[in-house]
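Numbering of ligands and ligand atoms starts at 1, following listing order.
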Amino acid sequence: MAQQSDDSSRAKTGENLDVLVSTQTVIKKALDKLGYPEQVFELLKEPLRVMHVRIPIRMDDGTVKVFTGYRAQHNDAVGPTKGGVRFHPDVTESEVKALSIWMSLKAGIVDLPYGGGKGGIICDPRQMSFRELERLSRGYVRAISQIVGPTKDIPAPDVFTNSQIMAWMMDEYSRIREFDSPGFITGKPLVLGGSRGRETATAKGVTLMVREAAKKRDISLNGARVVIQGFGNAGSFLAKFMSDSGAKVIGISDAYGALHDDEGLDIDYLLDRRDSFGTVTNLFKETISNQELLELDCDILVPAAVENQITAANAHKIKAKIVVEAANGPTTLDATRILSERGVLLVPDVLASAGGVTVSYFEWVQNNQGYYWSEEEVEAKLEEIMVKSFENVYRTSQTRKVDMRLAAYMVGVRKMAEASRFRGWV
Ligand code: GLU
């Protein structure tokens, strides 16, 4: 998560860990490379709108607790804004802003008719009851209802939010508007208009990116040694897809520690034992730290947890040949440079994790049409989009001689810059 104070936003190495500052730095570079004037950067460096809400919730013990939440809408020149809502104690306004910019970039890279949005509530769902979570989810929708909607801004799941939370939010919004509004939010349960394949979409997308990156480095996935940091929605399904495709998942982790077995972990067993927040290492005596996990000898490393995990302090020690970012913002800019100098192929977050929002788009299209697709159809369309987007970013990085992150930003920023120009905003 984003660092809260100036002190903590600087690592021991002196590098800046503020994710808003780092995304602005790369946006600026991408716009300069593409030849856009300064005013385009002025427009895109911050969200157009950020709503700050305070949500009073009656807790189960009868007391009232006031929660703080945000919804950031980065740029709606291309279309309505879109992006998840995270429930986490470390959420900050600055982080939500950065996350909304990343959503704009993802939408641009996979070419969806959206701009980026993101929401967050400062809370710890691991410490809350089911009913408290329901009241908080509904309270958030009441608080932001004026600025969201199926043609304005469409929320979705993110860290520690799931299809049940999307269902409560959709129900609350439909009640406020007094008509059924499935297209208000994506990531819903199937019976409420969710899309087949949405739950596994982020992991499917990451799997495709691992496959494409492995081809570029002549690594066969069969027997490849894979390390995955994080065992939430993305990390856990990814571990399954990787081991099903013949790779050896030798390390996984959660917020409390990591597991390592050079012979390959029993992923089905771990999936069976994980709780709904992705915690599983508490069941084991022999664990290693998350830092040790990142430095394991492996072919492919997938950070699928939180921000600022690969930094200037450990980038030299990463042994993987390919790093695919399933989390948002796991690698700092200094670390990106170090990895690129060392010849590591890095598939950046704004490309690698775009499978989630892509299938969210399919869900929204199906809701708008009232016509639902098969899982095969969803998967085939996802694969076509992800593979095309990878090629586009990879080609840009080769022809423009820039790293994959800058290439992804160049591809991602262009559509919103052009749409803003045609609308006469810049
Ligand atoms: N929260 C996910 C992301 O960061 C998905 C967003 C969506 O489906 O709209 O991409």
Response to the item:
If you scan protein heavy atoms around atom 5 (C) of ligand 1, the nearest is Arg198 NH2, 3.5 Å
Practice prompt. Could you check atom 7 (C) of ligand 1 against the protein and tell me its nearest heavy-atom contact, residue, atom and distance included?
Written response: Ala156 CB, 3.3 Å
Practice prompt. Anything under 30° is parallel, anything over 60° is perpendicular, the rest tilted; go ahead and classify Tyr361 against Tyr114.
Written response: perpendicular
Discussion item. Is the ring pair Phe184/Tyr173 parallel, tilted or perpendicular, if the boundaries are 30 and 60 degrees?
Written reply: parallel
Worksheet item: Are Gln309 and Asn290 close enough that a side-chain donor and a side-chain acceptor fall under 3.5 Å?
Response: no
Worksheet item: Which atoms of ligand 1 sit under 4.0 Å from any heavy atom of Met103?
Response: 3 (C), 4 (O), 6 (C), 10 (O)
Worksheet item: Will you find, in the side chains of Ser129 and Asp60, an N or O donor that is under 3.5 Å from an N or O acceptor?
Response: yes
Practice prompt. Indicate, as side chain, backbone, both or neither, the part of Arg86 found under 4.0 angstrom from ligand 1 when only non-hydrogen atoms are considered.
Written response: neither
Worksheet item: So which protein heavy atom does atom 9 (O) of ligand 1 come closest to, and at what separation?
Response: Lys82 NZ, 2.9 Å
Worksheet entry | Protein residue, atom and distance nearest to atom 8 (O) of ligand 1, heavy-atom basis | Ser360 OG, 2.5 Å
Discussion item. Checking side-chain contact (heavy atoms from CB on, under 4.5 Å) between Ile322 and each of Lys216, Arg217, Met209, which is the one that passes?
Written reply: Arg217
Practice prompt. Would you check whether Gly187 reaches within less than 4.0 Å of ligand 1, judged by its heavy atoms?
Written response: no
Item to complete: Answer side chain, backbone, both or neither: which part of Ile154 comes under 4.0 Å from ligand 1, heavy atoms only.
Response: neither
Worksheet item: Considering only heavy atoms, does Pro157 approach ligand 1 within less than 4.0 Å through its side chain, its backbone, both, or neither?
Response: backbone
Practice prompt. State the atoms of ligand 1, each with its element, that fall below the 4.0 Å cut-off from a heavy-atom position in Gly356.
Written response: 8 (O)
Discussion item. I need the atoms of ligand 1 closer than 4.0 Å to a non-hydrogen atom of Lys118, numbered in the order shown.
Written reply: 1 (N), 3 (C), 4 (O)
Worksheet item: Is the backbone N or O of Arg196 less than 3.5 Å from a side-chain atom of Trp373, with the two atoms forming a donor-acceptor pair by type?
Response: no
Discussion item. Between Asp254 (side chain only) and Gly257 (backbone N and O only), is there a donor and an acceptor less than 3.5 Å apart?
Written reply: yes
Item to complete: Could you tell me whether the side chains of Thr200 and Lys240 share a donor-acceptor contact shorter than 3.5 Å?
Response: no
Worksheet item: Between Arg211 and Glu383, is there a salt bridge with N-O shorter than 4.0 Å?
Response: yes
Worksheet item: Which atoms of ligand 1 are found less than 4.0 Å from any heavy atom of Val357?
Response: 7 (C), 8 (O), 9 (O)
Discussion item. Side chains of Thr161 and Arg86: any donor to acceptor distance under 3.5 Å?
Written reply: no
Worksheet entry | Protein heavy-atom partner closest to atom 3 (C) of ligand 1 - residue, atom, separation in Å | Lys106 NZ, 3.4 Å
Item to complete: Mark up the atoms of ligand 1 that fall under 4.0 Å of a heavy atom belonging to Gly84, in ascending order.
Response: 1 (N), 6 (C)
Worksheet item: Under 4.0 Å from any heavy atom of Asn328, which atoms of ligand 1 are there?
Response: 4 (O)
